[in-house]
Structure formats: structure tokens, C-alpha cells
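Here the structure is a predicted model, which means the values were calculated and not measured. In what follows, chains carry the letters A, B, and so on, assigned in the order in which the sequence lines appear, proteins first and then strands, with residues in each chain numbered from 1.
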There are 2 protein chains.
Amino acid sequence: MIKEKVVKCECTIIHNDIVEKTRKEMPKDETLYDLAEIFKIFGDSTRIKILYSLFKNEMCVCDISALIGTTQSAISHQLRLLKQAKLVKYRKDGKIVYYSLDDSHVKSIFNEGLRHIEEN
Amino acid sequence: MIKEKVVKCECTIIHNDIVEKTRKEMPKDETLYDLAEIFKIFGDSTRIKILYSLFKNEMCVCDISALIGTTQSAISHQLRLLKQAKLVKYRKDGKIVYYSLDDSHVKSIFNEGLRHIEEN
DNA sequence: TTGTTATATGAATAGTTGTTCACATGTTTA
DNA sequence: TAAACATGTGAACAACTATTCATATAACAA
């Protein structure tokens with residue numbers, strides 16, 4: 001016996017019109033990937049805490065780790081990701097590095113998220 | 001030799017006033033965790049695509065997998081997560097299950113995210 | 001210069017997660 | 001009833017990720 005099961009498309013398109021209509025309305029794949037990338041950044045409580053820390057004041061790495069209660073190293077690693085995502089910026093003053101928010105949408109995105117939580 | 005290095009707090013709080021002020025303004029930890037959980041859900045392109053699929057019409061599992069180009073099984077697993085996060089709801093019609101959006105904030109959150117992308 | 005402090009970073013590790021595969025469940029149809 | 005079909009789900013696996021540890025870098029202080 002060569003093959004016991006017939007290989008078949010496991011899925012039948014039931015509502016072809018809706019599928020095609022929706023396909024045309026979808027943003028292009030690249031956009032959706034980028035969108036997922038940004039939310040992936042927000043999907044970690046350490047990073048959320050870092051961003052919240054910076055809502056009103058700039059802070060140095062040391063301050064942030066003390067505030068959040070995590071290793072300086074861990075914070076530094078996460079700040080690198082936030083930098084890459086253009087969510088924070090920094091300025092150096094001697095050996096101290098001050099980080100601050102670099103995006104105006106973070107607050108509104110967080111607020112929308114909070115509203116979802118509150119309703120559930 | 002028992003210990004070569006002296007264990008020390010690796011971090012000095014430099015700006016104690018800012019740290020304390022910020023600590024008081026932070027949402028409580030539980031809220032921040034919940035917030036991260038929601039964004040974690042949005043942080044996957046398959047789930048983003050599913051949610052976008054449902055922006056204008058309800059769709060059955062088969063339609064969604066055909067549209068997105070992923071296994072029915074993978075879609076089904078992801079729909080479970082979206083259900084748990086109360087982002088989608090469903091209705092059954094015979095053996096067909098129709099899914100639809102169950103949250104009014106998804107669109108505005110996505111739009112804010114898109115605005116961030118457009119600026120970078 | 002030497003020691004100290006603030007921050008960055010590579011490597012290793014443990015934990016998490018998305019997909020696949022095989023199969024179960026439940027519904028419809030012949 | 002048996003076969004076909006839509007969907008759900010547990011287990012396994014591969015890929016990814018957050019933290020830790022050790023150490024590097026760079027600026028300052030003595």
C-alpha cells in the first residue's frame with residue numbers, strides 16, 4: 001500500500017464572495033507584519049513598565065531598574081529593543097544616559113488597551 | 001577562597017525624587033500585566049490577519065484559513081486565544097462556526113499602531 | 001594612573017509560543 | 001447507518017525571547 005490517505009485540500013472555501021471582498025480590503029502583508037512587530041514590543045510587562053516610567057520624565061537606566069525592580073542588564077537589553085522600535089530616545093550626560101519617550105502614540109495605544117481591560 | 005566578589009547592589013538610585021514620584025503615578029502591577037497580555041495577543045501576524053478579516057464581516061473558520069493561507073488547525077488554535085481574550089465571539093449554524101469581532105477598541109488600537117508605523 | 005561607577009553587550013539558559021500532525025467531536029447527507 | 005465535512009484539540013517540535021552572568025566600554029574621581 002503506497003498511501004493510505006488521499007492528500008486533499010483540507011479546506012473548502014464556502015463563501016467565496018466574502019473571502020474575495022475581504023481580501024481586497026486587507027492591508028498589504030508587509031503592513032500587517034509591521035503592525036504585529038510593534039505590538040510584540042508592547043507585549044512584555046517589563047517593556048510596558050519602562051514606557052510608563054518615561055511618560056512624564058526622562059530617567060536614567062539606574063533609576064528605571066530601581067523603580068521597576070529588575071537588573072540593570074535586563075533593562076539595558078530591553079531599552080535597546082525600544083530604541084530599535086523608535087519608541088524611546090536618549091541623551092548622554094557624562095556617564096549617565098537619560099532615556100525618554102520618542103513616540104506620541106504610545107499613550108493613546110495604552111489607553112485604548114486599558115479600556116479593553118476595564119470592560120472585561 | 002569562599003567568594004571572590006563582594007555581592008553588592010549593582011545599582012544606585014541617582015534621582016530618588018523622580019523615582020518615588022514616578023512610582024506613585026504608575027498603574028498597579030496587575031494592570032500592567034494585563035495590558036502586556038492584550039498586546040501579546042496583537043503581537044502575532046496570524047492573529048492580526050484574523051482580526052482584520054473580521055473587521056467588516058463575520059466569517060467561518062474555513063473562509064479565514066483560505067483567506068489567510070494557513071492551516072485550518074492553526075487558525076482554530078489562534079481563534080481559541082482570541083476567544084479567551086474576548087476579542088472575537090462566534091455563532092454556530094449547523095457544522096459551520098461563524099466568528100466575528102467582539103471588541104470595539106481593536107480598530108482604534110490598530111489605527112494608532114498604523115500611525116506609528118507610517119511615521120517611521 | 002588606578003579604582004569606581006553607569007551602561008552596554010555577547011553567550012548561555014530556561015521558558016514560552018506558533019505550527020503541524022493525528023485524531024476526536026459533532027453535524028449533515030446519502 | 002455510513003460516509004463526508006467543519007471544526008476543535010492534545011502532543012510534539014522548532015523557533016523565539018527574556019533574563020542572567022560575565023565582562024567590556026567609557027567617563028569620572030582620587
Side-chain angles (χ1 to χ4, degrees), chain A residues 3-15 19 32-33 36-37 39-50 58-85 88-99, chain B residues 3-15 19 32-33 36-37 39-50 58-85 88-99:
Chain A
K3 210 142 197 196
E4 289 181 88
K5 295 179 89 176
V6 178
V7 178
K8 60 173 180 179
C9 173
E10 88 180 299
C11 194
T12 306
I13 298 183
I14 302 183
H15 309 91
V19 172
L32 298 173
Y33 277 106
E37 284 307 308
F39 289 130
K40 217 170 276 182
I41 295 285
F42 295 143
D44 176 83
S45 59
T46 302
R47 287 192 290 268
I48 293 258
K49 287 176 186 175
I50 293 176
E58 64 176 11
M59 285 182 111
C60 71
V61 181
C62 229
D63 291 343
I64 300 173
S65 22
L67 172 60
I68 296 180
T70 314
T71 309
Q72 172 270 320
S73 176
I75 297 293
S76 201
H77 278 296
Q78 298 301 349
L79 281 170
R80 184 163 48 84
L81 295 180
L82 294 171
K83 232 186 300 175
Q84 283 169 2
V88 302
K89 61 181 187 295
Y90 66 96
R91 70 176 177 89
K92 294 183 85 167
D93 182 10
K95 60 183 170 181
I96 302 177
V97 181
Y98 292 94
Y99 282 86
Chain B
K3 211 143 198 194
E4 290 180 87
K5 295 178 89 177
V6 179
V7 178
K8 60 173 180 180
C9 173
E10 86 181 299
C11 194
T12 308
I13 299 181
I14 302 183
H15 310 89
V19 172
L32 297 173
Y33 277 106
E37 285 307 307
F39 289 129
K40 217 170 277 179
I41 296 285
F42 295 143
D44 176 83
S45 61
T46 303
R47 288 191 291 267
I48 293 258
K49 287 176 186 176
I50 294 177
E58 65 176 12
M59 285 182 111
C60 71
V61 181
C62 230
D63 291 344
I64 299 173
S65 22
L67 173 59
I68 296 182
T70 314
T71 310
Q72 171 270 321
S73 177
I75 296 293
S76 201
H77 278 296
Q78 298 302 350
L79 280 169
R80 186 162 48 85
L81 294 181
L82 293 170
K83 232 185 301 173
Q84 284 168 0
V88 302
K89 60 183 190 291
Y90 66 95
R91 71 177 177 88
K92 295 183 86 168
D93 182 11
K95 60 182 169 182
I96 302 178
V97 181
Y98 292 94
Y99 281 87

Sub-4.5 Å side-chain heavy-atom contact between [X] and [Y]:
X	Y	value
A/Ile50	A/Met59	no
B/Ser73	B/His77	yes
A/Asp63	A/Leu67	no

Rounded to whole Å, how long is the line connecting atom [atom1] of [X] with atom [atom2] of [N]?
X	N	atom1	atom2	result
B/Asp93	C/dT27	CG	P	12 Å
B/Ile14	C/dA6	CD1	C1'	7 Å
B/Ile75	D/dA6	CD1	P	15 Å
A/Lys92	C/dA6	NZ	C1'	10 Å
A/Ile50	C/dA8	CD1	C1'	14 Å
B/Gln84	C/dT17	CD	C1'	13 Å
B/Tyr33	C/dT16	OH	C1'	15 Å
A/Arg91	D/dA27	CZ	P	16 Å

Donor-acceptor contact below 3.5 Å, side chain B/Arg47 vs main chain A/Ala36: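 No, because the side chain of B/Arg47 does not come within donor-acceptor range (under 3.5 Å) of the backbone of A/Ala36.
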Whether each nucleotide of nucleotides 16-21 of chain D has a protein heavy atom under 4.0 Å at its base (B), only at its sugar-phosphate (S) or at neither (-) is summarised, 5' to 3', as -SSSBB
Taking both distances under 3.5 Å as the test for a Watson-Crick or G-U pair, what stems of at least three pairs does DNA chain D have? C:1-30 with D:1-30
Could you give the distance from OG1 (B/Thr46) to CG (B/Leu81), rounded to the nearest 0.5 Å?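 One finds 11.0 Å between OG1 of B/Thr46 and CG of B/Leu81.
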Got a second to check how far A/Cys60's SG is from A/Lys92's NZ, nearest 0.5 Å? 13.5 Å
What's A/Tyr99 touching, base or sugar-phosphate or nothing? Going by heavy atoms closer than 4.0 Å.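 Here A/Tyr99 touches the backbone only, sparing every base.
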Flag yes if more than 12 heavy atoms outside B/Tyr98 fall under 6.0 Å of its OH atom; otherwise flag no.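 Atom OH in B/Tyr98 is crowded, with more than 12 foreign heavy atoms closer than 6.0 Å.
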Please determine, for the side chain of B/Lys95, which listed nucleotide (D/dG8, C/dG26, C/dT7) has the closest atom? C/dG26
Between A/Phe39 and B/Phe39, how do the two ring planes meet: parallel, tilted or perpendicular, split at 30° and 60°?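 The arrangement is parallel - the two ring planes meet at less than 30°.
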Taking all heavy atoms of B/Thr70 and all of B/Ser65, pick out the closest pair and write down the distance.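 Closest approach of B/Thr70 to B/Ser65: O-CB, 3.0 Å.
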